[in-house]
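Being a predicted model, the structure only gives us computed values, none of them experimental.
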Amino acid sequence: MRGRGEIGRRSRLKICFPYGSAGSSPAVRTSACAGLVLALALTGCGGSHRDDVLVASVIGDVPRVADPDRARLTPSSTVLIRATRQGLVAFDGNGQVEPALAESWTFTKDGLSAIFRLRRLRWANGGEVTGREVAASLNRAIASNSRNTLKPLLSSVETVIGMTDRVVEIRLKVPRPNLLELLAQPELAIRRGGSGTGPWVMVDAIPHGVRLRPVKDDDDPATDEIVMPPIREVLLRGERAGVAIARFMAARGGYVTGGTLGNWPVAQAAGLKSGVVRFDPAEGLFGLAVMRGSPALQDAALRNALSMAINREALVTGFGLAGSGAGRWRAIDRLLPTQMDSAQLPAAPAWSTASLVDRRIEARRLVAKAAAVPVLRVALPAGPGMTVLFARLAADWRAIGVSVVRVAANADADLRLIDEVAPNASANWYLTRTSCDAGLACDTGVDAALKASRAAPDLAGRAVQIATADAAAAAAAAYIPLATPVRWSLVDPALTGFHENSFAVHPLAELRLPRN
């Protein structure tokens with residue numbers, strides 16, 4: 001099993017917070033540091049843990065094993081499921097697909113069948129994993145009553161069959177070259193009831209989290225030998241950003257993940273040492289979706305006016321995250337970040353080459369031409385970074401005569417932030433996530449081309465339809481791109497095995513603490 005090796009120890013990192021560290025604003029700095037200092041008072045600065053125990057925090061709610069076929073996974077549930085349930089394949093620490101439950105696989109020459117040979121593994125609660133159980137788990141994800149978020153991307157899957165105890169076949173209606181990346185997602189992790197196959201298993205609850213220990217290496221289910229990994233135990237918690245950062249600074253060998261733009265100012269205020277903050281070069285969506293129920297934004301011209309008025313470069317540089325290095329934040333004015341599997345380069349909006357001054361002149365003209373524009377509601381998550389984001393957007397739109405008000409992330413709104421990392425390197429996900437089926441303002445041209453791309457019998461025809469859908473989406477402006485997603489983590493310098501990657505995936509089993 002991956003991630004096995006020798007037991008190690010943590011570094012002797014010992015840091016206390018400098019009150020009044022540099023931050024984005026006095027208000028953010030004061031509130032963030034006050035919470036952090038309180039947390040440190042509770043945990044004790046310089047506290048130590050056993051040398052083979054990883055103290056890991058996910059910024060968010062308490063990690064729970066959720067059912068991805070019923071509801072969207074939270075960030076903490078995603079980390080927990082990746083740790084305790086394997087799919088047929090998985091992502092390694094570099095974001096590359098590697099074997100997991102399946103030891104090997106092959107695609108037929110016509111691309112319409114993927115055949116997987118399973119390793120000999122046991123469920124965490126007993127019993128050997130069979131092909132029929134694997135097939136049943138995947139078929140539940142694509143069933144008509146499933147609410148799995150990846151289901152729309154799996155419309156090409158006809159069925160999954162457990163051919164033998166060790167062989168599983170996925171039959172496709174049309175070829176799908178990015179299928180393996182989807183199978184590596186936690187939404188498609190294989191499960192039987194509440195049980196998975198590791199590489200970790202939950203042993204008990206701890207405050208705000210769970211204790212994880214490695215499962216037995218079941219390459220040979222007849223053996224009772226347990227091969228210990230470099231990390232013997234993981235204390236995985238879901239916490240607010242301030243508490244997670246405080247715990248990281250108070251403990252040796254710590255790890256924090258789940259950082260986004262919303263909580264980035266808290267990390268700025270903490271005055272963290274150089275090299276501790278790690279940014280993923282994440283690809284995905286970070287922008288505003290125009291909601292279908294918004295009566296004010298049914299006109300594509302007005303939606304385009306809002307998009308062209310935004311000073312994206314100033315937005316990015318204002319957070320101190322711009323730059324040319326890997327993982328640095330970059331502005332985006334189009335839906336697709338790269339060509340991927342489209343027949344054309346990403347479709348740019350008609351105004352993309354105009355100056356900001358000219359764009360705002362045209363935006364003011366379009367707003368004046370439209371009927372009276374009401375105050376628009378913008379739904380954003382909580383967090384100081386979101387407060388800064390809203391202030392900048394409001395200023396840009398005020399310059400063209402549009403007023404906005406911020407509402408809660410789950411409230412009725414005209415515009416709602418999408419901040420998600422793409423599950424695979426396919427334009428299909430970007431178009432699906434911003435389509436009519438996602439509840440956005442609809443464009444029949446986009447949806448027709450998207451449906452045609454899914455039914456295309458060959459990859460060349462699919463690429464042409466994707467390009468058509470992308471061009472229609474750029475003209476409709478039902479999604480207002482802002483930038484790439486921000487994903488950051490805190491990694492103790494003594495902890496190795498962490499690698500930045502475009503999927504922002506960091507398997508716990510690949511992290512290493514140094515040897516004694």
Side-chain angles (χ1 to χ4, degrees), residues 25 261 285-319 321-322 329-337 346-380 385-407 409 411-419 434 439-446 470-484:
S25 70
L261 185 71
L285 295 173
F286 185 86
L288 297 165
V290 179
M291 304 310 296
R292 186 185 306 167
S294 170
L297 295 179
Q298 296 306 302
D299 183 3
L302 184 55
R303 300 196 295 262
N304 266 294
L306 292 177
S307 188
M308 70 177 72
I310 298 170
N311 187 343
R312 290 170 175 79
E313 295 303 326
L315 175 66
V316 168
T317 57
F319 281 89
L321 290 173
W329 205 26
R330 68 182 194 276
I332 293 287
D333 65 359
R334 56 208 69 185
L335 177 62
L336 303 183
W351 45 262
S352 63
T353 58
S355 68
L356 180 62
V357 172
D358 289 342
R359 282 160 33 199
R360 285 186 172 172
I361 290 173
E362 175 62 9
R364 280 193 292 269
R365 185 188 71 80
L366 293 173
V367 170
K369 183 180 177 181
V373 180
V375 176
L376 300 178
R377 300 158 299 169
V378 182
L380 298 175
M386 293 296 106
T387 300
V388 176
L389 173 66
F390 177 76
R392 292 188 178 277
L393 291 172
D396 287 344
W397 288 335
R398 192 162 50 244
I400 63 170
V402 175
S403 298
V404 294
V405 62
R406 179 180 176 181
V407 298
D412 290 337
D414 301 290
L415 296 157
R416 189 180 308 280
L417 183 72
I418 298 179
D419 181 7
T434 56
L440 275 63
C442 288
D443 180 272
T444 55
V446 177
D470 184 31
Y479 170 74
I480 299 175
L482 297 175
T484 54

Any donor-acceptor pair under 3.5 Å from Arg312 side chain to Pro481 backbone
yes
Has the side chain of Arg416 got a donor or acceptor atom that lies under 3.5 Å from a matching backbone atom of Ala411?
yes
Report, as yes or no, whether the 6.0 Å neighbourhood of atom CG on Asp412 holds more than 12 heavy atoms from other residues, nucleotides or ligands.
no
Non-hydrogen side-chain atoms of Trp397 and Val378 separated by less than 4.5 Å
yes
Under the salt bridge (charged side-chain N to carboxylate O under 4.0 Å, His left out) rule, what pairs show up with a residue in residues 388-399, not counting sequence neighbours?
Arg360-Asp396
Please evaluate residues Leu415 and Val404 with respect to the criterion side chain to side chain contact (heavy atoms under 4.5 Å, CB included), reporting the C-alpha separation (whole Å), side-chain torsions for both, the decisive distance (0.1 Å), and the verdict.
CA-CA 10 Å; Leu415 296 157; Val404 294; 5.6 Å; no
Which pairs pass salt bridge (charged side-chain N to carboxylate O under 4.0 Å, His left out) with one or both residues in residues 288-308, sequence neighbours excluded?
none
Any chance you could lay out the side chain to side chain contact (heavy atoms under 4.5 Å, CB included) test for Trp329 and Thr484, step after step, and finish with the verdict?
CA-CA 6 Å; Trp329 205 26; Thr484 54; 3.5 Å; yes
Please determine which of Val316, Ile332, Leu285, Leu393 meets the side chain to side chain contact (heavy atoms under 4.5 Å, CB included) test together with Leu482.
Leu393
Kindly say whether Leu335 contributes a backbone atom to a donor-acceptor pair with the side chain of Tyr479 at under 3.5 angstrom?
no
Go through Thr387 and Arg406 one step at a time and tell me if the side chain to side chain contact (heavy atoms under 4.5 Å, CB included) criterion holds.
CA-CA 9 Å; Thr387 300; Arg406 179 180 176 181; 3.1 Å; yes
Which residue, Val405, Leu302, Val402, forms the side chain to side chain contact (heavy atoms under 4.5 Å, CB included) with Leu376?
Val402
For the residue pair Met386 and Leu417, establish whether any side-chain heavy-atom pair is separated by less than 4.5 Å.
yes
Pair Ser307, Arg359 - check side-chain hydrogen bond (donor to acceptor under 3.5 Å, both in side chains), show working.
CA-CA 9 Å; Ser307 188; Arg359 282 160 33 199; over 6 Å; no
So, Glu362 and Arg365, do they make that salt bridge, N to O below 4.0 Å?
yes
Please report the shortest heavy-atom distance between Ser294 and Asp414, naming the atom on each side.
OG-OD1, 2.7 Å
